[in-house]
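Both counts, for ligands and for their atoms, begin at 1 and track the order of listing.
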Amino acid sequence: MSKANTILYLDGVSVSFDGFRAINNLSLVLDKGEMRAIIGPNGAGKTTMMDIVTGKTRPDAGEVYFDGNVDLTRHDEADIAMLGIGRKFQKPTVFENHCVEDNLLLSLKGPRSILPALFSRRSTAENKRIDDIFDIIRLGHRRGDLAASLSHGQKQWLEIGMLLAQDPKLLLVDEPVAGMTDAETEETARLLKQIAETHSVIVVEHDMHFVRELGVKVTCLHEGSVLSEGSLDFVSADERVVEVYLGR
Ligand code: ADP
């Protein structure tokens, strides 16, 4: 298969920990501009797959390509972040003692020392980027408030905004709605759909109502391989998926 229009291309990927195959001959292709939901029971290999894509874990076998022809197995974790893969872990990690706007600014300016980022003049382009991100995450009214004062859901959105500030081509988002209210969950679906208009996105998620809201193609992992792939209706009607979720 051609890699040309893919943002992510995994073929025959395997990784073992002490002889246990956490990822087993996994193949997964994400087109440029696509948003995909990854589901699967605990231990299915979702985190390990994300670790492989971000360079945290090296596969024992298989191909991992990004943005067409960039061989990720030749890059380390720091390189891969610079190449344009942003990862959001489940728990929000924002700079609690800085205001919301400065959190975005610190991410936008990159991993330089904090003072130059906060005190140097901002270019018009940087101001526009920050305004654009506020339009997406809808926290403009909280710009000057300490990040510590945000709700759990708002911190998750701020962290997604911080990822956007780094201008990634591919965003990996791990269980974004865990612990959110229904209203926050709905808002998160809206926000991710808006982001997916201009970015490729992978969302690992357990909340099937949320996955339905996203309305995207679903890949169900099990024992380190793809068990089923298609619309949520297709995957959730697949007998094998029902079996692994019910533990029969
Ligand atoms: P998921 O995210 O779908 O719950 P994981 O990717 O975390 O699944 O784990 C897949 C399997 O690999 C699990 O059985 C887990 O115990 C095992 N595993 C993951 N990381 C390690 C590790 N560093 N050492 C040993 N086993 C691991």
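Residues Arg138 and Trp157 have side chains not in contact (no heavy-atom distance under 4.5 Å, counting atoms from C-beta outward).
Remark: ligand 1 and Thr48 share an N or O pair separated by less than 3.5 Å (distance only, no angle test). For a threshold of 3.5 Å applied to N or O pairs, the pair formed by Phe17 and ligand 1 contains no separation below that value.
Salt-bridge formation is detected for the pair Lys155/Glu96: a Lys NZ or Arg NE/NH1/NH2 atom is positioned less than 4.0 Å from an Asp or Glu carboxylate oxygen. Using a 4.0 Å cut-off between charged nitrogen and carboxylate oxygen, Arg21 and Asp60 do not count as a salt-bridge pair. Between Arg142 and Asp145 there is a salt bridge, since at least one side-chain N of the basic residue sits less than 4.0 Å from a carboxylate O of the acidic one.
Between the side chains of Asp79 and His75, at least one donor N or O sits under 3.5 Å from an acceptor N or O.
Using a 4.0 Å threshold on non-hydrogen atoms, atom 18 (N) of ligand 1 counts as touching the protein.
Counting non-hydrogen atoms of neighbouring residues, nucleotides and ligands closer than 6.0 angstrom, the NZ atom of Lys193 exceeds 12 such neighbours.
Nearest protein heavy-atom contact of atom 14 (O) of ligand 1 is Phe20 CE2, 3.3 Å. The nearest heavy-atom contact from the protein to atom 7 (O) of ligand 1 is Thr47 CB, 3.6 Å. For atom 4 (O) of ligand 1, the closest non-hydrogen atom on the protein side is Gly43 N, 2.7 Å.
Ranked by closest heavy atom to atom 12 (O) of ligand 1, the top entry among Gly45, Gly224, Ser16, Ala22 is Ala22.
Applying the 4.0 Å criterion to heavy atoms of Ala44 picks out, from ligand 1, the atoms 1 (P), 3 (O), 8 (O). Below 4.0 Å from some heavy atom of Asn42 lie the following atoms of ligand 1, by number and element: 4 (O).
Following chains of ILVMFWY side-chain contacts shorter than 4.5 Å, one cannot reach Val173 starting from Val53, and the two form parts of different hydrophobic clusters.
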